[in-house]
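First comes the structure, then the notes that go with it.
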Amino acid sequence: FGDYSLVNGNIAINIPIGKSFHNISYSDIYSVGYQTNSDLLKRTFYYKYSLTDGKTSTNFSFGHLIRGNGVNNAVSNVYQNQYERNSTKFFNSKILWDFNDTKLESNMYWYDHQDELAYNQNIGGWQDYSNTEIGINFFSKLNSDLGYSQPAFNYSRETNSNSTVKDVIRDHYSLTLQHDFSINKLNVGLGISGNYYTDFGWFNAPGYKISYNLNNNANIYHKYDHGFRIPSFYEMYANDYIYNGNNGVKEETINSFEN
């Protein structure tokens, strides 16, 4: 118990079974808030399984998060009893293989997020948003006399809905390659990522970094990256009392330099 009727409780259990470990936790936080409409509720359940056997490491985890809170923002003088509540479920798996000069990693994940926003929690008028994503990626690190390379592949499918737009799907495919090597005091890193989105098309993200060691305490450094950002579902399709989306919004790109 604490100030502002804050109630905070949690429990965690760690169970070793053979070479595996099982972690289970639950937490609950509630408060009436320190000012008008700042009450909050947060409940979390989490489970993780881990196993290391020789050169193989396996991890699985899943959880469920429930949250609710009053909202204070720029329109609070008009909408004085705003409230947001959401629920998030997730699953994640990671498997690592270590073969000395070659390391492999496989990841798979899924999450489901449901969000509701009301301009007045007592009256209703809830605006619903949902986001579901499933993805898989493979990563490797290869060491050789020429340096080390890190190729990777990623795929994800994102599905979004709100009160007026249903099941907007975005598939994302990505191939990435990074290579780092050194020649005496010169260190070089090269990388490129090719990305395809079913609703926006192709985007490439190249980059490099170069450094030269003058001595043990100083070096000369230069870095360049080309990046991009795809508009979110909320930016394109939101339809609530705070923001109206624009499905004609375009992607953003940036070139950054660092010395």
Side-chain angles (χ1 to χ4, degrees), residues 7-30 41-68 85-115 130-160 169-182 189-197 205 207 209:
V7 180
N8 184 3
N10 59 79
I11 184 172
I13 302 174
N14 299 315
I15 306 173
I17 301 177
K19 297 181 180 181
S20 66
F21 290 87
H22 303 260
N23 304 309
I24 305 171
S25 65
Y26 174 80
S27 65
D28 194 302
I29 301 175
Y30 172 78
L41 168 69
K42 181 180 179 181
R43 293 192 177 107
T44 305
F45 171 77
Y46 177 75
Y47 168 78
K48 180 180 179 180
Y49 164 86
S50 59
L51 171 67
T52 300
D53 187 6
K55 296 185 177 182
T56 302
S57 175
T58 304
N59 293 275
F60 297 97
S61 61
F62 64 84
H64 188 191
L65 169 65
I66 298 173
R67 296 186 63 177
R85 60 191 183 195
N86 55 64
S87 171
T88 302
K89 304 171 186 175
F90 71 89
F91 168 81
N92 182 72
S93 72
K94 177 187 289 187
I95 303 176
L96 303 172
W97 296 271
D98 187 345
F99 303 106
N100 297 325
D101 289 338
T102 301
K103 294 178 174 59
L104 305 176
E105 178 179 323
S106 170
N107 293 278
M108 185 176 68
Y109 67 90
W110 166 86
Y111 74 79
D112 176 80
H113 180 78
Q114 307 290 327
D115 188 85
S130 68
N131 169 256
T132 302
E133 184 170 337
I134 186 170
I136 187 170
N137 61 73
F138 298 96
F139 169 84
S140 61
K141 184 176 181 180
L142 313 174
N143 290 316
S144 69
D145 294 337
L146 300 177
Y148 65 90
S149 300
Q150 300 180 79
F153 168 77
N154 301 273
Y155 166 76
S156 65
R157 163 165 287 195
E158 184 179 355
T159 305
N160 292 279
I169 295 176
R170 172 182 291 171
D171 290 333
H172 174 209
Y173 303 85
S174 174
L175 282 172
T176 303
L177 177 62
Q178 180 175 333
H179 184 71
D180 295 86
F181 63 93
S182 299
L190 306 172
I192 187 169
S193 174
N195 299 266
Y196 177 75
Y197 296 85
K209 59 182 179 181

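Note that the numbering runs from 1 along the sequence shown for the chain. The figures here come from the full heavy-atom set of this structure, side chains too, leaving out hydrogens, waters and symmetry mates. Owing to the predicted nature of the structure, the values given are computational and were not obtained by experimental measurement.
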- Message: Run the side-chain contact (heavy atoms from CB on, under 4.5 Å) test against F62 and tell me which residues pass, sequence neighbours left out.
- Response: F45, Y47, F91
- Check: K103 and L96 side chains under 4.5 Å, non-hydrogen atoms: no
- Atom CG in N154, atom CD1 in I136: separation rounded to 0.5 Å? 10.0 Å
- State, yes or no, whether a side-chain contact exists between F90 and S61 at a heavy-atom distance under 4.5 Å. yes
- For S193, the side-chain contact (heavy atoms from CB on, under 4.5 Å) test, sequence neighbours excluded, returns S174, T176, N195, A205
- Out of curiosity, I134 CD1 to R157 CZ, how far, rounded to the nearest 0.5 Å? 9.5 Å
- Check whether any side-chain heavy atom of Q150 lies under 4.5 Å from a side-chain heavy atom of D180, and answer yes or no. yes
- Would you say R43 has more than 12 foreign heavy atoms packed within less than 6.0 Å of its CZ? no
- Query: Hey, what do you get for CD1 (I24) to OH (Y49), rounding to the nearest 0.5 Å?
  - Reply: 13.5 Å
- Query: How long is the span from the CG atom in D171 to the OG1 atom in T159, to the nearest 0.5 Å?
  - Reply: 8.0 Å
- Item | All side-chain contact (heavy atoms from CB on, under 4.5 Å) counterparts of R67, not counting sequence neighbours | K42, L65, N86
- Using the test ring pair (Phe, Tyr, Trp, His ring centres under 6.0 Å), find all partners of Y148 that sit at least two apart in sequence or belong to another chain. none
Tabulate below the donor-acceptor pairs under 3.5 Å that side-chain atoms of residues 105-113 make, not counting sequence neighbours, or state none.
| from | atom 1 | to | atom 2 | distance (Å) |
| --- | --- | --- | --- | --- |
| E105 | OE2 | N107 | ND2 | 2.7 |
| N107 | ND2 | N137 | OD1 | 3.0 |
| Y109 | OH | E133 | OE2 | 2.6 |
| Y111 | OH | N131 | OD1 | 3.0 |
| Y111 | OH | E133 | OE1 | 3.3 |
| D112 | OD1 | Q114 | NE2 | 3.2 |
| D112 | OD1 | T132 | OG1 | 2.7 |
| D112 | OD2 | Q114 | NE2 | 3.1 |
| H113 | ND1 | T88 | OG1 | 2.6 |

- Query: What residues, two or more places apart in sequence or in another chain, satisfy side chain to side chain donor-acceptor pair (under 3.5 Å) together with S140?
  - Reply: none
- Task: Using the test side-chain contact (heavy atoms from CB on, under 4.5 Å), find all partners of T52 that sit at least two apart in sequence or belong to another chain.
- Result: S57
- From R85 CZ over to L41 CG, what is the distance, rounded to the nearest 0.5 angstrom? 11.5 Å
- Which residues share a ring pair (Phe, Tyr, Trp, His ring centres under 6.0 Å) with F153, sequence neighbours left out: none
- Message: Tell me the closest heavy-atom pair linking L51 and S20, and the distance in Å.
- Response: CD1-N, 3.8 Å
- salt bridge (charged side-chain N to carboxylate O under 4.0 Å, His left out) with D53: which residues, sequence neighbours excluded? K19
- Item | All ring pair (Phe, Tyr, Trp, His ring centres under 6.0 Å) counterparts of Y173, not counting sequence neighbours | Y155
- Query: Sub-3.5 Å donor-acceptor pair from the side chain of H172 to the main-chain atoms of E158, do we have one?
  - Reply: no
- Taking everything shown except I15 itself, do over 12 heavy atoms lie less than 6.0 Å from its CD1? yes
- When you measure from the side chain of T102 to the backbone N and O of F99, does any donor-acceptor pair fall under 3.5 Å? no
- Item | CA sep, side-chain torsions, deciding dist, call: H22, I13, side chain to side chain contact (heavy atoms under 4.5 Å, CB included) | CA-CA 8 Å; H22 303 260; I13 302 174; over 6 Å; no
- Item | ring pair (Phe, Tyr, Trp, His ring centres under 6.0 Å) partners of H64, counting only residues at least two apart | none
- Message: Applying side chain to side chain donor-acceptor pair (under 3.5 Å), can you list everything that pairs with Y26, at least two apart in sequence or on another chain?
- Response: D28
- With a cut-off of 6.0 Å (strictly less than), are more than 12 heavy atoms of other residues, nucleotides or ligands near NZ of K209? no
- Task: Mind running side chain to side chain contact (heavy atoms under 4.5 Å, CB included) on S27 and Y46 for me, showing each step along the way?
- Result: CA-CA 9 Å; S27 65; Y46 177 75; over 6 Å; no
